[in-house]
Amino acid sequence: MNYDKKIMRKILGIASLVLVAAAVIIACRHEVPEQNMAEKCLIPLPGTITPQEGAFMLKKKTVIAVDKDNEQLLALGHYLAGLLKPATGIEFKVKTTSRLTPGGDIRLTLTNDDPDLGKEGYELSVTRRRIHIKANTPAGIFYGVQTLRQLLPPAIEKKTVQEGPWLVPAGTITDAPLYSYRGFMLDVSRHFFPPDDVKKIIDEMALFKLNRLHLHLSDDQGWRIEIKSWPKLTEVGGSTEVGGDKGGYYTQEQYKDLVAYAASRYITIIPEIDMPGHTNAALASYAELNCDGKARDLYTGTNVGFSTLCTKKEVVYKFLDDVIGEISAMTPGPWFHIGGDESHVTPMEEYIPFINRAQEIVARHGKQVIGWDEISNATPQPNTIVQFWARADNAKRAVGKGARVIMSPANKAYLDMQYDSTTTLGLHWAGYVGVDSAYIWDPATLVPGIGREQVVGVESPLWTETITNMKDLEYMVFPRLAGHAEIGWSEPARRDWNDYKVRLGNFAPRFEAMGINFYHSPLVPWKE
Ligand code: TNX
């Protein structure tokens, strides 16, 4: 009898141990995430967030499933697996699934029953068992993936294996952008940045759902894109940069590779060849582009407004036709940027017909014109877009002539402006642009007479007179670009600096994990 009791007790003891262990395992599997879905980790702010209890946990066996027979979705599945692999150490399986009987734990599927999502919106729903991103387009899925990424702990961005658990808080997000044009501009002329730097920036843009990269490919100090029919543009014009260093240029192969890389992140590249001013590098490469037939010296200073193509010479239009033709042929996006700014030494009576002819050449090569706000002095074509940077009267004139506008107000959107008087990189001709003032403005009310209907979106230019390397570049870009991304994406009524600055502060560990150098503005409560 006693003996039996002893055995019973032992069995009970073991059983309860097993139970406790099982309970612990189950509890761990359903670990509570650090924060719920609504807790201030997302930029740009999504349309609606409905948090629920619990979390999804990434596990070795987690399968990513995408609609079958869709190459873009398959590529997105692999892109997501690639994002998650370095820090988790897990090679997630990507499989295709049928729409009727979908499988997988993380599902990326197209829908056509949700008009509210538009061309770039998505719905992300997370339960304990499943993550589902659906959208009308692959672009929408891509943005859903970026939101998913931001919901994971910042360590997910690290390049080496980190400790989990990898929890995604449960709930549903429905989200779509306010503007279709959400851009960043990089001046690679004043200082050249090699393709790998540009790729890093493309990846950083993607995190914030930006979709346009404007490359300022030519200026007085450097010509940065190979043109096969005019080889001296890069041989001579690409040989130096501000300060007299070596400069550089993209071969056509490198440019095409950048275009493809950007496209894989749903970013369209917009090439700019600035004209008729900002052309000293071209004028130094080919004597015949000058009215006096004499090649200019290369220029490595930082003045503006002293150069012009000879607008009266036919060879100049042959030159434009070749350059615009070669670049357009490598550019799948619909736009070609013709600059047109600060042509101080081109008389207005020459400037106007020149811009009109340049627009015709662009149209002939199948592209739509974008130009800086001065081009409103000419006659915008019906689909021309004018980029407002300095003069509201130029932008209003453009709208009066039927053009639509990209908003890049220098005193809000220029990333080359110093943050304040104590930060040394950058310029301050348009004033200081603090992280708060970069955020607190509305593109649809900034210029009286230009409303939401006329605005295609927002672009943040980084001019690089004072920027020579990636570390300094990122310091100027971050964190201001994140705020501009939110201006382009989120409804102004839902945007609030006091809320934004907390979300931004929470990004510090993510920036660090991504290896992004950023300005630790004292206005932001940065998370340790
Ligand atoms: C004005 S913005 C320029 C650029 C300079 C920039 C410096 C614009 C269309 N032209 O050439 O790099 O200021 O902030």
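Just so you know, ligand 1 is whichever comes first in the structure, and atom 1 is the first atom listed for that ligand. Note: hydrogens, waters and symmetry copies are ignored here, and every other heavy atom, side chains too, is used. All figures in this text were calculated on a predicted structure; none of them were measured in a lab. Index from 1, following the sequence.
Short contacts between ligand 1 and His278, defined as distances under 4.0 Å to a heavy atom of the residue, involve ligand atoms 11 (O). Each of the following atoms of ligand 1 lies closer than 4.0 Å to a heavy atom of Glu465: 5 (C), 7 (C), 12 (O). Close approach of ligand 1 to Met417 (heavy-atom distance below 4.0 Å) involves ligand atoms 14 (O). Residue-ligand proximity, Asp416 to ligand 1, at heavy-atom distances under 4.0 Å covers atoms 7 (C), 14 (O).
Classified by interplanar angle (parallel below 30°, tilted 30° to 60°, perpendicular above 60°), the ring pair Tyr79/Phe142 is tilted. In this pair, Phe478 and Phe208 present their aromatic rings tilted. The plane angle is within the 30 to 60° band.
Closest to atom 10 (N) of ligand 1 among all protein heavy atoms lies Asp341 OD2, 2.9 Å. Counting only heavy atoms of the protein, atom 13 (O) of ligand 1 lies nearest to Trp429 CZ2, 3.5 Å. Regarding atom 1 (C) of ligand 1, its nearest protein heavy-atom neighbour is Glu342 OE2, 3.5 Å.
Lys200 and Asp196 are not joined by a salt bridge, as no carboxylate oxygen comes within less than 4.0 angstrom of a charged side-chain nitrogen.
Within 6.0 Å of NE2 in His428 there are 12 or fewer heavy atoms belonging to other residues, nucleotides or ligands.
Every N/O-N/O distance between Tyr414 and ligand 1 stays at or above 3.5 Å.
Proximity of Leu427 to ligand 1, defined as any heavy-atom pair under 4.0 Å, is confined to the side chain (atoms from C-beta onward).
Test Asp219, Asp416, Asp220 against Arg190 for salt bridge (Lys or Arg N to Asp or Glu O under 4.0 Å) and you get one pass: Asp219.
Of the possible donor and acceptor atoms, one in the side chain of Thr464 sits under 3.5 Å from a partner among the backbone N and O of Asp187.
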Could you go through the side-chain hydrogen bond (donor to acceptor under 3.5 Å, both in side chains) check for Trp389 and Glu374 one step at a time?
CA-CA 9 Å; Trp389 66 283; Glu374 289 96 323; 3.0 Å; yes
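Under a 4.0 Å heavy-atom criterion, Arg190 is in contact with ligand 1.
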